[in-house]
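Written out below as structure tokens is the structure these notes cover.
Side chains are part of it too, since the values below use all heavy atoms of this structure and drop only hydrogens, waters and symmetry mates.
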Amino acid sequence: MDEKAIILFDGVCRFCNGSVNFVLRHDRKDHFRFAPLQSEAGQALLAQHGIDPSKTDSFVLIEGNRASLKSTAALHTARHLGFPVSLLWAFIIVPAFIRNAVYDWIARNRYRWFGKMDACMVPDERVRRKFL
């Protein structure tokens with residue numbers, strides 16, 4: 001069995017939850033597993049990879065021993081989602097400081113634009129096995 005990549009996400013952010021649902025729909029090869037940043041599993045994985053939880057509040061991708069943040073994490077995720085979503089991988093050639101400036105702008109405004117939930121989403125039985 002291949003090692004699964006883990007997506008850590010803001011469990012109370014509606015945009016982030018929507019992004020997780022998008023990945024769930026397009027993850028045809030069952031490559032990803034998920035954990036809210038706020039969960040015990042999420043906090044343990046952040047600590048294991050030396051990531052300060054106070055400086056990471058939206059999206060982390062863990063593949064093997066490597067953790068990717070921000071736009072790099074999003075592009076590495078898109079790469080595994082099949083055509084046409086995988087075409088977004090081409091944006092990896094854009095310098096990270098530019099990609100992350102756009103990412104940070106969206107992240108700063110995500111609660112205002114998309115809202116915040118009172119609690120982390122509870123997946124249905126069909127996808128529960130994909131959550132840590």
Note to self: I'd like to check the side-chain hydrogen bond (donor to acceptor under 3.5 Å, both in side chains) partners of His31; sequence neighbours left out, ordered by chain and number.
What the structure shows: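 Once residues adjacent in sequence are excluded, His31 has no partner under the side-chain hydrogen bond (donor to acceptor under 3.5 Å, both in side chains) criterion.
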Next item on the list: Sequence neighbours left out, what passes side-chain hydrogen bond (donor to acceptor under 3.5 Å, both in side chains) with Arg108? Give chain and number order.
Entry: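 side-chain hydrogen bond (donor to acceptor under 3.5 Å, both in side chains) check on Arg108 returns nothing, list empty.
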Minimum heavy-atom separation for [X] to [Y], with atom names?
{"X": "Glu63", "Y": "Ala5", "result": "CG-CB, 3.7 Å"}
{"X": "Gly42", "Y": "Ala35", "result": "N-CB, 4.3 Å"}
{"X": "Gly64", "Y": "Glu3", "result": "CA-OE2, 3.4 Å"}
{"X": "Pro36", "Y": "Gly11", "result": "CB-CA, 4.1 Å"}
{"X": "Asp30", "Y": "Arg129", "result": "OD2-NH1, 3.7 Å"}

Check: Got a sec, which residues hit ring-ring contact (aromatic ring centres under 6.0 Å, His included) with Phe59, two or more places apart in sequence or on another chain?
Finding: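 Scan of Phe59 (ring-ring contact (aromatic ring centres under 6.0 Å, His included), adjacent residues dropped) gives none.
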I'd like to check [X] versus [Y] (side-chain heavy atoms, cut-off strictly below 4.5 Å). Are they in contact?
{"X": "Leu81", "Y": "Leu88", "answer": "no"}
{"X": "His26", "Y": "His80", "answer": "no"}
{"X": "Val23", "Y": "Phe9", "answer": "no"}
{"X": "Val60", "Y": "Leu45", "answer": "no"}

Hydrophobic cluster membership, with links at side-chain heavy-atom distances under 4.5 Å among I/L/V/M/F/W/Y: are [X] and [Y] in one?
{"X": "Val85", "Y": "Ile7", "answer": "yes"}
{"X": "Phe22", "Y": "Phe91", "answer": "yes"}
{"X": "Leu75", "Y": "Leu8", "answer": "no"}
{"X": "Trp89", "Y": "Val94", "answer": "yes"}

Using 0.5 Å steps for rounding, measure from the [atom1] atom of [X] to the [atom2] atom of [Y].
{"X": "Leu69", "Y": "His49", "atom1": "CG", "atom2": "NE2", "value": "10.5 Å"}
{"X": "Phe32", "Y": "Ile6", "atom1": "CZ", "atom2": "CD1", "value": "11.5 Å"}
{"X": "Leu24", "Y": "Ser19", "atom1": "CG", "atom2": "OG", "value": "11.0 Å"}
{"X": "Arg33", "Y": "Ile62", "atom1": "CZ", "atom2": "CD1", "value": "14.5 Å"}

Next item on the list: Keeping to residues at least two apart or across chains, list the side chain to side chain donor-acceptor pair (under 3.5 Å) pairs with something in residues 95-107.
Entry: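 Residue pairs with at least one partner in residues 95-107: Ser58-Tyr103, Lys70-Asp104, Ser71-Arg99, Ser71-Asn100, Thr72-Arg99.
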Taking only residues two or more places apart in sequence or in another chain, which ones pass side-chain contact (heavy atoms from CB on, under 4.5 Å) with [X]?
{"X": "Tyr111", "answer": "Asp10, Val12, Cys13, Lys116"}
{"X": "Phe114", "answer": "Arg14, Phe15, Arg110"}
{"X": "Gln43", "answer": "Leu46, Pro53"}
{"X": "Asp52", "answer": "Ser54, Lys55"}

Margin query: Per the salt bridge (Lys or Arg N to Asp or Glu O under 4.0 Å) rule, what does the pair list look like for residues 15-29, sequence neighbours excluded?
Written below: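 Non-adjacent pairs meeting salt bridge (Lys or Arg N to Asp or Glu O under 4.0 Å): Asp27-Lys130.
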Notebook entry, point to check: Does any pair with a residue in residues 36-51 pass salt bridge (Lys or Arg N to Asp or Glu O under 4.0 Å), and if so which ones, sequence neighbours excluded?
Noted result: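 For residues 36-51, and leaving out neighbouring residues, there are no salt bridge (Lys or Arg N to Asp or Glu O under 4.0 Å) pairs at all.
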Check: Leu87: which other cluster members, linking ILVMFWY side chains closer than 4.5 Å, directly or transitively?
Finding: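 ILVMFWY cluster around Leu87 also holds Phe83.
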